[in-house]
Student: 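Once you've had a glance at the structure underneath, I'll fire off some questions.
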Amino acid sequence: MFAAPLRRAGRPVFLAGSVAMATAGRSSPPRRANRLIYERSPYLQQHAHNPVDWYPWGQEAFDKAKRENKLIFLSVGYSTCHWCHVMEEESFKNQEIGEIMSKNFVCIKVDREERPDVDKVYMTFVQATSGGGGWPMSVWLTPDLRPFVGGTYFPPEDSAHHVGFRTVLLRIAEQWRQNQEALLQSSQRILEALRSLSRVGTQDQQAAPPAQEVLTTCFQQLSGSYDEEYGGFSQCPKFPTPVNLNFLFTYWALHRTTPEGARALQMSLHTLKMMAHGGIHDHIGQGFHRYSTDRHWHVPHFEKMLYDQGQLAVVYSRAFQISGDEFFADVAADILLYASRDLGSPAGGFYSAEDADSYPTATSSEKREGAFCVWAAEEVRALLPDPVEGAAEGTTLGDVFMHHYGVKEDGNVSPRKDPHKELQGKNVLIAHSSPELTAAHFGLEPGQLSAVLQEGRRRLQAARAQRPRPHLDTKMLASWNGLMISGFAQAGAVLAKQEYVSRAAQAAGFVRRHLWEPGSGRLLRSCYRGEADVVEQSAAPIHGFLEDYVFVIQGLFDLYEASLDQSWLEWALQLQHTQDKLFWDPKGFAYFSSEAGDPSLLLRLKDDQDGAEPAANSVTVTNLLRAASYSGHMEWVEKAGQILAAFSERLQKIPLALPEMARATAVFHHTLKQVVICGDPQGEDTKEMLSCVHSTFIPNKVLILADGDGAGFLYRQLPFLSSLERKEGKATAYVCSNFTCSLPVTSPRALQELLCA
């Protein structure tokens, strides 16, 4: 174990530790450690050997800043962030820069995934003052935590186009010495402006905005930004944005017979196909990378995030549900294979992410972005030398594979997309042509081509398994596990895969055991993999934020509908009550992102943008409507309407910023359908009716199984269920709205007609 840094004359003395970090066969000499060595976050531990006197976010650092009247340098990132690694290598590992930092500032390092509340406060400042944002985030604060200068990545030294980090540090330190009072006044004005800028709410009884207006504007804004050739909703970089695709699916469901509805479906399905064909999709190791640096979905930033896998599994399952195209079902299965195999914890939960950077070989001394995933042409040829029967003489497996996946002898990555020359001569696999065209090109039958490509992928995967793997962030977050529970549960229901439903239940059980306090009813934000895969908690556990409650509740609702186990429903409703108590704003309406009572947080914010993850308030609108339908507590419907009213101006002007909330606006105004199946859960007739529901995309429905157990949880919550009967001893379906039900039906076909009416 490392000893704590000792202090002499106000400067840290780092003690050399006996722990050497060995990676991929390299032995490292003992290195000095700073206090981050005691933190559980993998990101903070990555910086534990920097020659910087780092502090974690906490009172010790705040007290030091006030006691010594020092500015705070706040650095925020996450462990699989490529540019965070670059800034560490260039600046935080630099002895001279480290000394400048430690002498002039109290340096605080924050893992944005552990503390999204801290990240959001200061990212709001950076975005407001610079017009952009991202990670690493670099912000300078007064001793009382008010920001006054901020940015993202800084190169270490000055250049013709950029001021270097060293220069920025020295200039800010000098400004603090010379103009302290002016900086304090400026920081106060900035804080007041941020409070005004970030205020979301309504002071009167404003109604939720009209659904059709919001839907039409959001559709038009998405349609206007759509890339007709390659799909997606920007030129570059391109992000998967599941929130956009889910909105379009709902828009299609409500406008099926119109040209606009047809276009909504075409935009979403084309985007999903182009993503799956692209290099953003890992054709060898499965799953999806973070985003594409070009408009073709070709060259990604190679990190893989759990939240992307969970959301994309849902979107691809829905695409199959709507289209019946097995292609989408295969991609959903591919995502879930990756998540289960590479991100799954033996304890049942899911780890957070895999890094973009790794060592090219076991003897390499420097990591490179994408090294684990890219290929030289000669590697592919050497792995696939076999002749292909039925093709022209001399045609090898490698020839077919390279043609289909766009492999070029000198690499297929444009130098413009490779600023550090890490991908020079390498290939990112991208399916450039359809299987039909590739088969025709080589004179092969489609089935034969499929076998050739499958064999090629198998051999490349075996070869890739010999490479040093990227860093795995083994932090486990309640919110992202909630998204993954939804991914497995929804895919299990739609694809009729019980093993997926079981995996979702395993993950939900993990959250209940390790990320929930039964006594207080509160969720915890994170837990960690310890020795021998034992799940461990930090000394001072971080309590859950709004997004943790919202995504876990959504996952539990999805899991109930897939498994029909009422215990998940009961827990979801308990969590909803806790969420209301901890986060609801009774004055301005909607939920705050964090709890009250933390003096280190300058602002209590309400997220007003759906990004890589949907904003928690966006998802909670539908959660509340589902909760009301399962419980009969209509105050949750009122809360849903109040959230929409609080965000009304944004929804009416730029719903593109909140497509998930725009989607929820439609669900709110169209009223949820309670699809009730009365029957024996094990009966074949009941299973056929359930299969009918699961195979039909209905954005505004909840599924309820009335199994006849009058003492059960649902019967106690919803007394009207006792009045619904099986007809002629058969499984019987009712479609209810506002607790008024349709005439009963006993055949899947009749139920299908009711659902689509």
Student: List the residues meeting side-chain hydrogen bond (donor to acceptor under 3.5 Å, both in side chains) with W57, not counting sequence neighbours, and say none if there are none.
Tutor: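 Here the qualifying residues are S600.
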Student: Considering only NZ, NE, NH1 and NH2 on the basic side and carboxylate oxygens on the acidic side, decide whether D144 and K66 come within less than 4.0 Å.
Tutor: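 Looking at D144 and K66, the cut-off is not met.
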Student: Can you pull out every ring pair (Phe, Tyr, Trp, His ring centres under 6.0 Å) where at least one residue sits in residues 510-530? Sequence neighbours excluded, please.
Tutor: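 Passing the test, one end in residues 510-530: F510-H514, W516-W571.
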Student: With sequence neighbours left out, what residues match H161 under ring-ring contact (aromatic ring centres under 6.0 Å, His included)?
Tutor: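 If we apply the ring-ring contact (aromatic ring centres under 6.0 Å, His included) test to H161, skipping adjacent residues, there are no hits.
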Student: Does R467 have any salt bridge (Lys or Arg N to Asp or Glu O under 4.0 Å) partners at least two apart in sequence or in another chain, and if so, which?
Tutor: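 Here the qualifying residues are E379.
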Student: Applying salt bridge (Lys or Arg N to Asp or Glu O under 4.0 Å), which residue pairs with at least one partner in residues 538-551 are found, sequence neighbours left out?
Tutor: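 Counting only pairs at least two positions apart or across chains, the salt bridge (Lys or Arg N to Asp or Glu O under 4.0 Å) contacts touching residues 538-551 are K120-E547, R525-E547, R525-D548.
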Student: Can you tell me which residue pairs pass the salt bridge (Lys or Arg N to Asp or Glu O under 4.0 Å) test with a partner in residues 37-47, sequence neighbours excluded?
Tutor: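 Listed by first then second residue: R40-E536.
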Student: Is R522 paired with E595 through a side-chain N to carboxylate O contact shorter than 4.0 Å?
Tutor: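 Salt bridge present between E595 and R522.
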Student: Taking only residues two or more places apart in sequence, or in another chain, which ones meet D357 in a salt bridge (Lys or Arg N to Asp or Glu O under 4.0 Å)?
Tutor: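 D357 satisfies salt bridge (Lys or Arg N to Asp or Glu O under 4.0 Å) with no residue once adjacent residues are dropped.
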Student: Output all residues satisfying salt bridge (Lys or Arg N to Asp or Glu O under 4.0 Å) with D473, sequence neighbours left out; order by chain, then residue number.
Tutor: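 By the salt bridge (Lys or Arg N to Asp or Glu O under 4.0 Å) rule, D473 matches K475.
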Student: Taking side chain to side chain contact (heavy atoms under 4.5 Å, CB included) as the definition, give me every residue that meets it alongside D610, ordered by chain and number, with sequence neighbours left out.
Tutor: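 Per chain and number, D610 pairs via side chain to side chain contact (heavy atoms under 4.5 Å, CB included) with V243, P614, A615, S618, L658, P659, E660.
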Student: Is any side-chain heavy atom of V110 less than 4.5 Å from a side-chain heavy atom of S75?
Tutor: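 SC-SC contact between V110 and S75 ruled out.
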Student: Applying side chain to side chain contact (heavy atoms under 4.5 Å, CB included), can you list everything that pairs with Q178, at least two apart in sequence or on another chain?
Tutor: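 Q178 satisfies side chain to side chain contact (heavy atoms under 4.5 Å, CB included) with E174 once adjacent residues are dropped.
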Student: Does anything in residues 336-350 pair up under salt bridge (Lys or Arg N to Asp or Glu O under 4.0 Å), and if so which pairs, sequence neighbours excluded?
Tutor: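 Listed by first then second residue: D342-R469.
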Student: Just say parallel, tilted or perpendicular for the rings of Y291 and H301, cut-offs at 30° and 60°.
Tutor: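 Judged by the thresholds at 30° and 60°, the geometry between Y291 and H301 is perpendicular.
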Student: With sequence neighbours left out, what residues match D158 under salt bridge (Lys or Arg N to Asp or Glu O under 4.0 Å)?
Tutor: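 Partners of D158 by the salt bridge (Lys or Arg N to Asp or Glu O under 4.0 Å) criterion come out as none, since no residue qualifies.
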Student: Output yes when a side-chain donor or acceptor of Q309 lies under 3.5 Å from a complementary backbone atom of M305, and no otherwise.
Tutor: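 Flag set: sc Q309 to bb M305 pair under 3.5 Å.
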